[in-house]
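Reckoned from all heavy atoms, side chains included, excluding hydrogens, waters and symmetry mates. In this text, all values refer to a predicted model and were calculated from it rather than measured experimentally.
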Amino acid sequence: MTHNQPMKLHTVSPSQGIQWVRLGIKTFIRQPLALGGLFFLFMGAVSVLSMVPVLGSALSLLILPAASLGLINAARLASTGQFPLPKTLVTAFTAGPAKRNAMLQLGVLYTAAFLGVIGITMLIDGGQFAGLYMLGEPLTEGMASDASFGTALWVGLLLYIPMAVVFWHAPALVFWHDVSPGKSLFFSAMACWNNKGAMTMFILAWMGIITFSSLVVSVIAGLLGSVAVINMLLMPATMVLAAMFFASIYFTYQDSFQGTHVVDTTA
């Protein structure tokens, strides 16, 4: 049973962005097996869906907001000392038809927006980047040296950034505050803009952590003189960092809206 509360935008200082990162890492350390396991399940589900040509990629995009909500809810539970169970990942689908349908509508909007971005890259490189991302086609030497492919890659990234801002808080707003999918995009964008200083610090901090972690893995591999070590360490390190990142997203939401300390029995 979820108890929704009134939602109001809240502005924080830029330094709070660093605190969000710290809280995400601290929360993961508190429940590493639960949060790491849930993220592994999340990635496994996306990978299985992506194996289905064309349709699988679209389905993985469709459920991404709902799955993200599950990971954010897991971080919420872990931050209060509770142990998030595997069913937490499907919270959006088990909280009743109204919330399930709203989250699927948000998924449709996300899918449409993402495919729109992919469509623009197709106009630039003739579908090379789209084939790589959506169809799982291998990256060839010819593609890597093709200027149009590089342009499509950067254009896709630059277009995805505002899209990510618009959808950043949307799953939480739809689920915990019963905001309509369309309005959730507006309020998400407004919250990110109001806290652009904190969000910038948040992203920069994570970029620094990821870069530093990559360097550590590279140094260890260099000392041992083995490329296999990189492959052995890189995957678990990436999974841990990604799980920590998703945990920290909950705190960006919690501080960006007043009345977000939602109490429920969903686990």
Flag yes if more than 12 heavy atoms outside Lys183 fall under 6.0 Å of its NZ atom; otherwise flag no.
no

Would you check if the side chain of Ser188 reaches a backbone N or O of Val166 as a donor-acceptor pair within less than 3.5 Å?
yes

Apply ring pair (Phe, Tyr, Trp, His ring centres under 6.0 Å) to residues Tyr253 and Trp176 and explain how you reach the verdict.
CA-CA 11 Å; Tyr253 154 73; Trp176 279 312; 5.5 Å; yes

Heavy-atom donor-acceptor pair, Trp20 side chain to Ser248 backbone, under 3.5 Å:
no

If hydrophobic clusters are built by linking Ile, Leu, Val, Met, Phe, Trp and Tyr wherever their side-chain heavy atoms come under 4.5 Å apart, do Leu33 and Leu35 end up in the same one?
no

For Val155 and Leu159: C-alpha separation, side-chain torsions, deciding distance, then whether side-chain contact (heavy atoms from CB on, under 4.5 Å) applies.
CA-CA 6 Å; Val155 169; Leu159 290 176; 3.8 Å; yes

Donor-acceptor pairs under 3.5 Å, side chain of residues 103-118 to any protein atom, not counting sequence neighbours: which ones?
{"from": "Tyr110", "atom 1": "OH", "to": "Tyr160", "atom 2": "OH", "distance (Å)": "3.0"}
{"from": "Thr111", "atom 1": "OG1", "to": "Leu62", "atom 2": "N", "distance (Å)": "3.3"}
{"from": "Thr111", "atom 1": "OG1", "to": "Gly107", "atom 2": "O", "distance (Å)": "2.8"}

With Phe187, which residues qualify under ring-ring contact (aromatic ring centres under 6.0 Å, His included), at least two apart?
none

Strictly distance-based, threshold 3.5 Å: is any side-chain N or O of Asp178 a donor or acceptor partner for the main-chain N or O of Ala98?
no

Taking every non-hydrogen atom, the tightest pair across Val12 and Ala198
CG2-CB, 3.8 Å

Would you say the side-chain atoms of His10 pair up with the backbone N or O of Asp255, donor to acceptor, closer than 3.5 Å?
yes

Phe246 and Phe28 aromatic centres sub-6.0 Å:
no

What's the spacing between Arg76 CZ and Gln82 CD if we round to 0.5 Å?
6.5 Å

Verify side-chain contact (heavy atoms from CB on, under 4.5 Å) between Leu157 and Trp154, making sure each step is shown before the conclusion.
CA-CA 5 Å; Leu157 176 62; Trp154 280 107; 3.7 Å; yes

Is there a donor-acceptor pair under 3.5 Å between the side chain of Asn73 and the backbone N or O of Leu69?
no

Look at the side-chain heavy atoms of Ile, Leu, Val, Met, Phe, Trp and Tyr, link any pair under 4.5 Å apart, and say whether Leu41 and Met43 land in one connected group.
yes

Keeping the roles fixed (side chain from Arg30, backbone from Ser79), state whether a donor-acceptor pair exists under 3.5 Å.
yes

Distance in Å, Met244 CE paired with Ile25 CD1, rounded so as to fall on 0.5 Å steps
5.5 Å

Kindly assign one of parallel, tilted or perpendicular to the pair Phe245 and Phe202, based on the angle between their ring planes and the thresholds 30° and 60°.
tilted

Distance check, rounded to the nearest 0.5 Å: Trp206 atom CH2 versus Ile249 atom CD1?
9.5 Å

Quick one: does any side-chain atom of Thr200 pair with a main-chain N or O of Lys196 as donor and acceptor, under 3.5 Å?
yes

Taking only residues at least two apart or on different chains, which pairs with a member in residues 161-174 satisfy side chain to side chain donor-acceptor pair (under 3.5 Å)?
Trp168-Thr252

